[in-house]
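Working notes, beginning with the structure itself.
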Amino acid sequence: MENQKVRVRFAPSPTGPLHIGGVRTALYNYLFAKKHGGDFILRIEDTDSQRFVQGAEEYIIESFNWLGISFDEGVHVGGKCAPYRQSERKSVYKKYVDQLLDAGLAYIAFDTPEELDKKRNEIANFQYDASTRGQMRNSLTLSAEEVKSLIEAGNQYVVRIKIEPGKDVVVNDLIRGEVVINSSILDDKVLYKSADQLPTYHMANIVDDHLMEISHVIRGEEWLPSAPLHVLLYRYLGWEDTMPKFAHLPLLLKPEGNGKLSKRDGDRLGFPVFPLEWEDPKSGDISSGYRESGYLPEAVVNFLALLGWNPGTEQELFSMEELIASFSLERCSKSGAKFDFEKGKWFNHKYIQQKSNNEIADLFQPILKENGVEATNAKVAQVVGLVKERVNFVKELWSQSSFFFVAPQSYDEKNRKKTLEG
RNA sequence: GGCCCAUUCGUCUAUCGGUUAGGACGUAAGAUUUUCAUUCUUGAAAGAGGAGUUCGAUUCUCCUAUGGGCUACCA
């Protein structure tokens with residue numbers, strides 16, 4: 001285990017544009033993998049057919065291309081563990097679900113969503129677990145014949161994990177240390193749904209991480225509560241000796257007020273929460289992206305890297321190579337970071353100064369065209385060199401330099417006088 | 001409600017029992033600049049509260065408070 005090759009994955013769900021918090025999680029995974037000469041894998045977790053959004057997967061791939069984060073294996077590049085889309089791996093999960101069923105570590109439940117809702121209304125804090133499963137319609141309370149006939153009659157069912165109560169489950173987290181949870185507070189989570197013949201997140205995640213030989217699971221803190229369930233699944237499946245190490249990253253919080261940064265915050269507060277602009281295929285709503293807002297990918301990466309991690313030195317400007325060299329999980333912080341985009345602007349300003357005039361000129365050309373200006377790159381680069389230190393964003397170059405390209409329509413009388421006298 | 005995680009300037013953070021608690025963003029003042037911006041200098045700005053442990057706690061333990069997360073046939 002200690003000498004095992006580092007293999008990490010980013011496993012988004014294609015339910016919409018990639019959230020900036022997800023970008024940071026992916027970045028940390030990437031940095032960790034490259035630091036240790038390991039592999040970085042892109043796996044698409046599309047086990048919820050209800051929430052699937054067209055175009056989301058392409059968006060995710062394009063986002064990482066723009067950011068300069070590359071994958072060694074994944075849906076778009078293939079690899080030895082293909083396929084990397086969970087919906088295409090249906091057949092592999094069923095086998096392990098059956099294994100748990102056969103071992104008596106999971107059971108079949110027929111309770112409909114309506115029946116469960118009713119229970120939840122009747123009983124405060126209802127939880128499907130050791131204390132309640134005896135009152136439900138499942139393979140533990142029904143006879144084998146009844147179960148068989150219910151299935152043959154076409155009744156939909158789910159497979160639930162059978163949690164043994166009263167046991168302490170230990171999760172060793174690389175960032176938080178040892179987290180102990182008593183199994184009595186865990187519920188018998190659904191692992192598999194007969195309706196779409198797909199596992200739920202928990203099952204698919206554990207099976208794939210095992211099959212793809214993932215060595216470290218680096219993910220957001222929102223997964224910490226389900227980590228004990230995951231440890232139990234590795235144990236039930238007999239894979240505990242090769243279980244990946246866990247690291248739960250602190251969350252990105254709203255810059256003001258309460259709560260974690262959400263998709264809605266961006267446009268409300270005037271900064272993007274997505275790497276690229278996104279048009280919702282259903283509503284047609286457009287959410288702004290960092291790329292379209294004029295951020296340089298290097299600035300976004302640098303800014304994000306420092307939100308939850310620090311090098312322990314006073315260096316703040318990092319190239320991707322420098323980040324890879326300095327990154328470590330030990331220096332990740334434990335508490336959530338408010339997303340302060342003011343600092344993001346500063347990073348962007350720094351990177352604009354750092355880039356050559358020619359590079360900035362390339363980015364400026366489309367804006368010039370929008371304003372009806374045709375100019376050679378050499379001339380644009382010359383102008384950029386004159387005014388770039390004044391701007392935070394490439395688009396601001398226009399207001400700073402338009403007079404180089406278009407004669408002013410008006411002028412300030414006072415300034416004219418001053419100039420003539422001076 | 002239950003469970004889990006966290007808590008240093010407004011924000012991101014450094015500090016691995018003994019420091020004038022450091023840096024950066026933002027902010028204030030000044031210098032430079034015809035103006036603005038840049039740049040430079042300087043300043044203001046923090047250990048949630050309470051008990052312990054210790055010669056000594058920001059640092060270790062506990063309690064409280066606050067913030068966050070989870071609590072779905074979503075991930």
Counting the atoms with a prime plus P, OP1 and OP2 as sugar-phosphate, which does [X] contact under 4.0 Å by heavy atoms, base, sugar-phosphate, or nothing?
{"X": "A:N125", "answer": "base"}
{"X": "A:D111", "answer": "base"}
{"X": "A:T47", "answer": "sugar-phosphate"}

Tell me: [atom1] of [X] to [atom2] of [N], nearest whole Å?
{"X": "A:K189", "N": "B:rC74", "atom1": "NZ", "atom2": "P", "answer": "11 Å"}
{"X": "A:F318", "N": "B:rU13", "atom1": "CZ", "atom2": "C1'", "answer": "12 Å"}
{"X": "A:F126", "N": "B:rC3", "atom1": "CZ", "atom2": "C1'", "answer": "18 Å"}

Donor + acceptor pair across side chains of A:Y157, A:N138 (<3.5 Å):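 No pair is found: no donor N or O on one side chain lies under 3.5 Å from an acceptor on the other.
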Any donor-acceptor N or O pair under 3.5 Å, side chains A:N182, A:S184: yes
Tabulate atom names and distances for all N/O pairs under 3.5 angstrom spanning the protein and nucleotides 4-8 of chain B.
unit_1, atom_1, unit_2, atom_2, d
B:rC5, O2', A:R176, NH1, 2.5
B:rC5, O2', A:E221, OE2, 3.0

Below the 4.0 Å mark, does [N] have OP1 or OP2 next to a side-chain nitrogen or oxygen of [X]?
{"X": "A:R51", "N": "B:rA75", "value": "no"}
{"X": "A:T200", "N": "B:rC74", "value": "no"}
{"X": "A:R120", "N": "B:rC73", "value": "yes"}

Please pick, from [options], the nucleotide with the shortest atom-to-atom distance to any side-chain atom of [X].
{"X": "A:E222", "options": "B:rG23, B:rG69, B:rU38", "result": "B:rG69"}
{"X": "A:E342", "options": "B:rA37, B:rG26, B:rG22", "result": "B:rG26"}
{"X": "A:S13", "options": "B:rA75, B:rA24, B:rU13", "result": "B:rA75"}
{"X": "A:K338", "options": "B:rC73, B:rC12, B:rC25", "result": "B:rC12"}
{"X": "A:E314", "options": "B:rA24, B:rU11, B:rG23", "result": "B:rG23"}
{"X": "A:E45", "options": "B:rU38, B:rG68, B:rA75", "result": "B:rA75"}
{"X": "A:Y201", "options": "B:rA75, B:rC70, B:rG23", "result": "B:rA75"}

Under 4.0 Å protein heavy-atom contact, by nucleotide of nucleotides 59-66 of chain B - B base, S sugar-phosphate only: --------
Under 3.5 Å, sequence neighbours excluded: what are the donor-acceptor pairs made by side chains of residues 380-389 of chain A?
unit_1, atom_1, unit_2, atom_2, d
A:K388, NZ, A:Q353, O, 3.1
A:K388, NZ, A:K355, O, 2.7
A:K388, NZ, A:N357, OD1, 3.2

Is the distance between the ring centroids of A:F64 and A:F10 less than 6.0 Å? yes
For this output row, return yes or no: ring centroids of A:Y234 and A:H230 closer than 6.0 angstrom.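 Ring centroids of A:Y234 and A:H230 are no less than 6.0 Å from each other.
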Any idea how A:H248 and A:F246 line up, ring-wise: parallel (<30°), tilted (30 to 60°), or perpendicular (>60°)? parallel
What is the ring orientation for A:Y201 with A:W223, classed by angle as parallel under 30°, tilted 30 to 60°, or perpendicular over 60°?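 Parallel, since the angle between the ring planes stays under 30°.
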ring-ring contact (aromatic ring centres under 6.0 Å, His included) contacts touching residues 323-353 of chain A (sequence neighbours left out): A:Y28-A:F327, A:F271-A:F339, A:F271-A:F341, A:F303-A:F339, A:W309-A:F327
Ion pair check, A:D72 and A:R7, cut-off under 4.0 Å: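 Salt bridge between A:D72 and A:R7, a charged N being under 4.0 Å from a carboxylate O: no.
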N/O-N/O pairs, protein side and nucleotides 14-16 of chain B side, under 3.5 Å:
unit_1, atom_1, unit_2, atom_2, d
B:rA14, OP1, A:N310, ND2, 3.0
B:rA14, O3', A:R331, NH2, 3.3
B:rU15, OP1, A:R331, NH2, 3.3

When the P atoms of B:rA21 and B:rU58 are compared, how many Å lie between them, rounded to an integer? 11 Å
Would you say NZ of A:K90 has more than 12 non-hydrogen atoms from neighbouring residues, nucleotides or ligands within 6.0 angstrom?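 Result for NZ/A:K90: enclosed.
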Contact between A:Q197 and A:Y192 at the side-chain level, heavy atoms closer than 4.5 Å - yes or no? yes
Who are the ring-ring contact (aromatic ring centres under 6.0 Å, His included) partners of A:Y96, not counting sequence neighbours?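 For A:Y96 the ring-ring contact (aromatic ring centres under 6.0 Å, His included) partners, ignoring immediate neighbours, are A:W239.
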